[in-house]
Amino acid sequence: NAGVTQTPKFQVLKTGQSMTLQCAQDMNHNSMYWYRQDPGMGLRLIYYSASEGTTDKGEVPNGYNVSRLNKREFSLRLESAAPSQTSVYFCASNLANEKLFFGSGTQLSVL
Amino acid sequence: AQKITQTQPGMFVQEKEAVTLDCTYDTSDPSYGLFWYKQPSSGEMIFLIYQGSYDQQNATEGRYSLNFQKARKSANLVISASQLGDSAMYFCAMREAAGNKLTFGGGTRVLVKP
């Protein structure tokens, strides 16, 4: 059972570089999410997609863009990475009103 | 204002004892859900327990129980008979009716001592 799959698991970027974090789920979930977790802190919502074709800003959307490519895939793009975006990124998905299933996370360092 | 507050940044518990992790929340929605997740040092997020705002009874899942006090807006997690493997970060989260997204608290780190 794959569940929620994120790639890559680790990434180091230089300031100003761009990259896309990929996320796919095979549970036929309608909703998908991107969270970031800074050291010793809780998860903060960056963007989410309640259903295919829709995306909405979360708590900390600045510096990020997302694409809900289809029902399975939800990508997060950093157009011009900044050191403040050094964090662990989690993708998650769920059906309406149910628990979130999380990916294993992407550890991103921006130098 | 914080929607989810976990006031205990860290705590120690003796193996085999019970521990209570505090969580208070703030919402004006009558319909909401409360979740607890565990994050071990390996980093994955593990779902533990769920309580709906209209649930009449406190949720239980094995050694985990949720002490839900609606009037106080608190949803404390109780772990009974602590094990060394319970050492982890624990996060409380809330889903409000307006939207399907979860808002997380800052977490509590639990260290179980042998």
Side-chain angles (χ1 to χ4, degrees), chain A residues 1-6 8-10 23 25 27 29-52 54-61 66 68 71 74 87-108, chain B residues 1-10 21-25 29-55 59 61 64 66 88-111:
Chain A
N1 294 333
V4 180
T5 304
Q6 287 182 238
K9 291 190 183 302
F10 301 95
C23 176
Q25 51 89 12
M27 296 174 282
H29 287 167
N30 294 321
S31 302
M32 298 185 73
Y33 310 80
W34 278 104
Y35 285 89
R36 62 177 285 174
Q37 183 180 27
D38 297 326
M41 297 180 67
L43 281 72
R44 292 185 293 169
L45 184 65
I46 305 171
Y47 269 95
Y48 67 104
S49 171
S51 61
E52 187 179 356
T54 68
T55 60
D56 288 285
K57 295 179 180 179
E59 184 184 354
V60 287
V66 290
R68 183 74 183 267
K71 192 171 186 178
F74 188 40
S87 191
V88 178
Y89 292 84
F90 286 97
C91 178
S93 69
N94 70 343
L95 292 172
N97 299 333
E98 293 192 357
K99 66 183 180 185
L100 292 185
F101 291 80
F102 284 87
S104 56
T106 296
Q107 196 162 326
L108 175 66
Chain B
Q2 291 285 331
K3 289 201 169 189
I4 294 282
T5 302
Q6 295 181 252
T7 57
Q8 307 152 308
L21 308 183
D22 295 340
C23 174
T24 57
Y25 58 92
D29 268 331
S31 176
Y32 54 89
L34 297 155
F35 301 77
W36 278 91
Y37 281 83
K38 172 184 179 182
Q39 187 179 44
S41 57
S42 53
E44 72 264 37
M45 295 291 288
I46 303 168
F47 168 76
L48 295 178
I49 197 166
Y50 167 79
Q51 180 84 43
S53 59
Y54 292 121
D55 292 344
E61 290 285 351
Y64 304 108
L66 204 152
M89 282 287 285
Y90 289 82
F91 293 100
C92 180
M94 177 175 66
R95 173 190 47 77
E96 295 174 285
N100 196 23
K101 57 189 186 292
L102 265 64
T103 301
F104 285 81
T108 296
R109 182 173 298 280
V110 172
L111 184 60

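Order of the sequence lines fixes the chain letters, A, B, ..., with proteins taken first and strands second; residue numbering starts at 1 for each chain. Note that the structure is a prediction, hence the values are computed from the model and not measured.
- Residue contact with chain B, scored on non-hydrogen atoms closer than 4.5 Å, involves the backbone and the side chain of A:L43 alike.
- How far NZ of B:K101 is from CD of A:E59: 10.5 Å, rounded to the nearest 0.5 Å.
- Judged as a side chain to side chain contact (heavy atoms under 4.5 Å, CB included), and not counting sequence neighbours, the contacts of B:T7 are B:T5, B:D22.
- Interatomic distance, CZ of B:F47 versus CG of A:N94, reported as 11.5 Å (0.5 Å rounding).
- Legend: side-chain hydrogen bond (donor to acceptor under 3.5 Å, both in side chains) pairs involving residues 37-46 of chain A, not counting sequence neighbours, sorted by first then second residue: A:R36-A:D38, A:Q37-B:Q39, A:D38-A:R44, A:D38-A:S87.
- Interatomic distance, B:M89 CE to A:M41 CE, rounded to the nearest 0.5 Å: 10.0 Å.
- A donor-acceptor distance shorter than 3.5 angstrom exists from the side chain of B:Y37 to the backbone of A:L100, with no hydrogens or angles considered.
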